[in-house]
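Structure first, commentary second.
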Amino acid sequence: MTHLHIADGVLPVPLWLGGLLVMAGLVGFVAWRHRNDRADRLTLLASLAALMLAAMAVPLGPLGHLSFAPVVGILLGSGLGFLAAVVVNAILAFLGHGGITVLGLNALVLGAATASARPFHRLARTRLEPGPAAAVASIAAGLVSVAALWAVLACASALEPAGIAHAATDGHAHEADALGSTGRFLAFASPFWLLGLAAEAIVAASVVGFLARVRPELLP
Amino acid sequence: MNSDVALVDTWAASGRSPFHRASALSKMAFLAAILFAVVTVQDPVALGAVALLLVLCLAVARVPVGPALLLALYPLLFSSLFVLSRWDGTWQTPATLVLRALDGSLAAVLLVATTPYPDLFAPIARVTPRLLGDGLFLTYRAFFGLLHRAERTWTALRLRGGLSGRGLPKDLRHAGDGLGQLVLHSYDRSRRLYEVMQIRGHSGRVCGCRHWAHFTAIDFLPLALAVVVVAGVVVLTRNGGLR
Amino acid sequence: MSEPRNADGTAVYVSCVRHVYADRTQVHLCGLDFVVKKGERVAILGPNGCGKSTLLYHILGLLAPHEGEVSVFGVNPAKGFNKIRERVGVVLQNVDEQILAPTVWDDVSFSPRNYGYAPAEVDRMVDTVLEEVGIAHLRHKVCHGLSGGEKRKVALAGALVLKPELLILDEPFEGLDPRSKSDLAALLERLHAQGMTMITATHDVHVVSDLADVVYVLVTGGEIIARGAPEEIFADAARLKASNVEPPQVVELFQRLEEEGIPLGRPLSVEDAVERLKAALAARGRDSA
């Protein structure tokens, strides 16, 4: 539920270009931090990123699909969790499921969820068992991701307050009310996000609870 | 989406069209030209022409146009919310947004449908950290192993009443258990796959299968198309059809 | 029995290895030392879960022992497998874990491409091995659409493309029909005639006599309890049963006949059994006459 799915050519150039640069910087930093990791961390990243792709095929009716992002973040940690978000978005972009130019922004929005999930989980674990803690972390991480998405849209409005200006047949530019359009977009999407957050939380609790019983060494 | 990936992989691996035989780098140049047009061109007619060009390229590449179009239209389902929220009452605005999305998606689909994934990831692995290059390759490869396993898991859940549809929270918990099994299965398989890659000679740089950077006469096709698209954008600049 | 691990002519040496898995399962590959001489064909027999794959993964350097010693061509594989990996080919039990590339050609050429062979040389090597394994017609096929048996042949071709000195096979006949089994057995026989060393892990006792000069028997927990030629190993039915390994039916049949007072020897194959029966009947005919 925390995937932009906004295609190429919709957002202002400085915004998506900035997103790509920020993403590249973070990827470089994470790669440097994890340069001495054992190979099994890489394979865990790949397997969880593959699962994110597979989970996106789990239909939730009108809610869209799962993203599995909070679970991935809990298992991988902030750095590798962000990298998993980059990998998933890159593959989705190549498959036409989301724009290539917006890859950076998509990665930042989804990565906000994967990167924040483990810190939230650690906090929740001081009072809760792994499964319920994962649910709490999932909701918190999802809200962080929604906030990131809102920030992207707000930046889009700020950078292009005139909306899409074009020459109509009468020769005058027609302008969209950008702030109003952002609010309308959020209004349309909010109910879906809230229900999606709930769905992700239930799944996260279930998966992490399962792993806690079967393979606890995979959990932080 | 699962079947989309398998379909695209089959198209890429088994084709022999000029686009399949062109190098990955020249096709990426064509994709870059299309994206340049997508982010700069305002005129929906021009964007429509680009879409037609891409459909023609798919036909030349002998990629099934119908399924490829469906794949390319997928993001529009979610972008429709955004399009509606930006609507200013004219037809040009939604047409422009929709065609931009379509052109970008079609160009991406053309690339992946004519380029086996090792050749797609090999150039990316040359300019990105090893974690990302290997991660892309392993993830894509792991996804295939997971496809069948995930389908069998969902079938088993349905047959045993785990996805009865009688309560979404309960079904989601069962889906979570199934996903937990998949986590373990996927992790063990990925680990073994990476070990085998290293046994078989992988040394940290994804090795493309064929000729991702080897230019031949056939590369003239995507490169010429890229030049045509960029030239078209330049012409439109002079005629005021840009943002 | 123990052999110096670096002795000339020793390809693989494993001595009393102990490994503990993440779920605390322990495997002790102790008892007899596991020694494979160059040019030898060795089969590892044992029930499911006895440690056959664990032994193979230690030889491949995929697992490092908590105790004990492993040496392949004089190198500790857990630390230095890169030094010997071009000399070792492997076919895993689950071939889906081994197939890495989109098409058959792509996958079989994976190793030579990664080792930097020239494109023309890669083409030649791949064509040669595809013909050898009998899957040249599958060259351009997409791997994930192949049958299990075809995938196993692709994996084998990928393992053989660099003409390794040591070939390691984990349940190579799994999923193969009888015709494919005999084709594979014939191919392995040809490779052995060219001097290739082979280690095969299997619980299919019927192929052992065709595949191996030496058989090691493992029991649950990993202990290596027996080493010898196939006819020696199958002669001791009691020990085989204790390790939960059924002898080939033809061996069991002739053992039962021997217990019934009809000693006709211990053939390992149907052909050998037929010859013995014909000889016995002919002798009986002469006696009657």
Side-chain angles (χ1 to χ4, degrees), chain A residues 5-10 13 27-28 31 34 39-40 42-51 53-58 68 83 86-87 90-91 93-101 163-164 166-168 174-176 181-182 184-185 188-189 199 202-207 210-211 214-215 218, chain B residues 1-2 4-5 8 35 38-39 42 71-72 74-76 78-79 81-82 84-88 90 92-93 96-97 100-101 104-105 108-109 111-112 120 128-129 131-132 134-136 138-140 142-143 146-147 150 169 172-173 175-177 179-180 182-184 186-187 189-191 194 240:
Chain A
H5 279 309
I6 294 179
D8 294 305
V10 173
V13 174
V27 166
H34 290 269
D40 60 352
L42 169 64
T43 52
L44 183 62
L45 183 155
S47 59
L48 290 172
L51 262 172
L53 288 169
M56 288 178 183
V58 177
F68 211 55
L83 214 55
V86 173
V87 166
I91 292 175
F94 278 126
L95 290 171
H97 285 231
I100 289 183
T101 54
I164 296 173
H166 61 81
H174 290 253
E175 297 166 356
S181 74
T182 303
R184 281 198 301 276
F185 179 62
F188 277 133
I202 295 171
V203 169
S206 184
V207 171
F210 176 89
L211 291 174
V214 174
R215 217 51 113 97
L218 282 179
Chain B
M1 208 260 294
N2 291 340
D4 295 340
V5 178
V8 165
L35 290 176
V38 160
V39 301
Q42 183 67 26
L71 197 59
Y74 180 83
L76 292 183
F78 296 90
S79 290
L81 286 176
F82 192 82
L84 279 172
S85 70
R86 303 283 279 189
W87 190 36
D88 57 2
T90 67
Q92 287 92 340
T93 300
T96 300
L97 291 174
R100 280 178 171 170
S105 287
V109 169
L111 174 65
V112 293
L120 193 59
T128 55
L131 262 183
L132 189 59
D134 281 1
L136 274 168
L138 278 175
T139 298
Y140 198 92
F143 183 62
L146 213 50
L147 278 181
L172 284 169
R173 273 198 298 277
D177 281 348
L179 281 169
L182 287 178
V183 167
L184 298 180
S186 180
Y187 173 53
R189 283 281 285 265
S190 289
R191 210 178 43 189
Y194 197 57

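Just so it is clear: chains get the letters A, B, ... in the order the sequence lines come, proteins before strands, and each one is counted from 1. Please read these numbers as outputs of a predicted model, since none were measured by experiment.
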Looking only at heavy atoms, the pair that brings B:Val109 and A:Leu95 closest together is CG2-O, 4.0 Å
Just verifying a value: how many Å separate A:Leu45 CG and B:Thr139 OG1, rounded to the nearest 0.5 Å?
6.0 Å
Which answer fits A:Ala93, side chain, backbone, both or neither, if we ask what part of it has an atom under 4.5 Å from a heavy atom of chain B?
backbone
Mind listing the closest non-hydrogen atom pair of B:Leu146 and A:Ala54 along with its distance?
CD2-CB, 4.2 Å
Who are the ring-ring contact (aromatic ring centres under 6.0 Å, His included) partners of B:Tyr140, not counting sequence neighbours?
B:Tyr117, B:Phe121, B:Phe144
Tell me, out of A:Val203, A:Leu51, A:Asp40, who's got the most heavy-atom pairs with chain B below 4.5 Å.
A:Leu51
Nearest heavy-atom contact between A:Ile100 and B:Ala108 is CD1-CB, 4.0 Å
For B:Ser186, what residues pass the side chain to side chain donor-acceptor pair (under 3.5 Å) criterion, not counting sequence neighbours?
none
At a 4.5 Å cut-off on heavy atoms, which part of B:Leu182 comes close to chain A: side chain, backbone, both, or neither?
both
Between A:Ala46 and B:Gly135, which heavy-atom pair has the shortest distance, and what is it?
CB-O, 4.4 Å
Just wondering, do B:Arg100 and A:Val10 contact through their side chains at under 4.5 Å, heavy atoms?
no
Approximate separation, where rounding is to 0.5 Å, of B:Leu184 CG and A:Phe210 CZ:
5.5 Å
Against chain B, work out which of A:Leu211, A:Val86, A:Leu48 has the most heavy-atom pairs shorter than 4.5 Å and name it.
A:Leu211
Kindly compute the distance separating CG (A:Leu42) from CZ (B:Arg191), expressed to the nearest 0.5 Å.
13.0 Å
Kindly give the heavy-atom pair with the smallest separation between A:Thr43 and B:Tyr187, and that separation in Å.
OG1-CE1, 4.0 Å
Can you tell me how far apart CG (B:Leu111) and CZ (A:Phe94) are? Round to the nearest 0.5 Å.
6.0 Å
Non-hydrogen atoms of A:Ala90 and B:Leu136 that approach each other most closely
CB-CD2, 4.0 Å
Please examine the side chains of A:Val27 and B:Pro129, heavy atoms only from C-beta on, and report whether any two atoms are closer than 4.5 Å.
yes
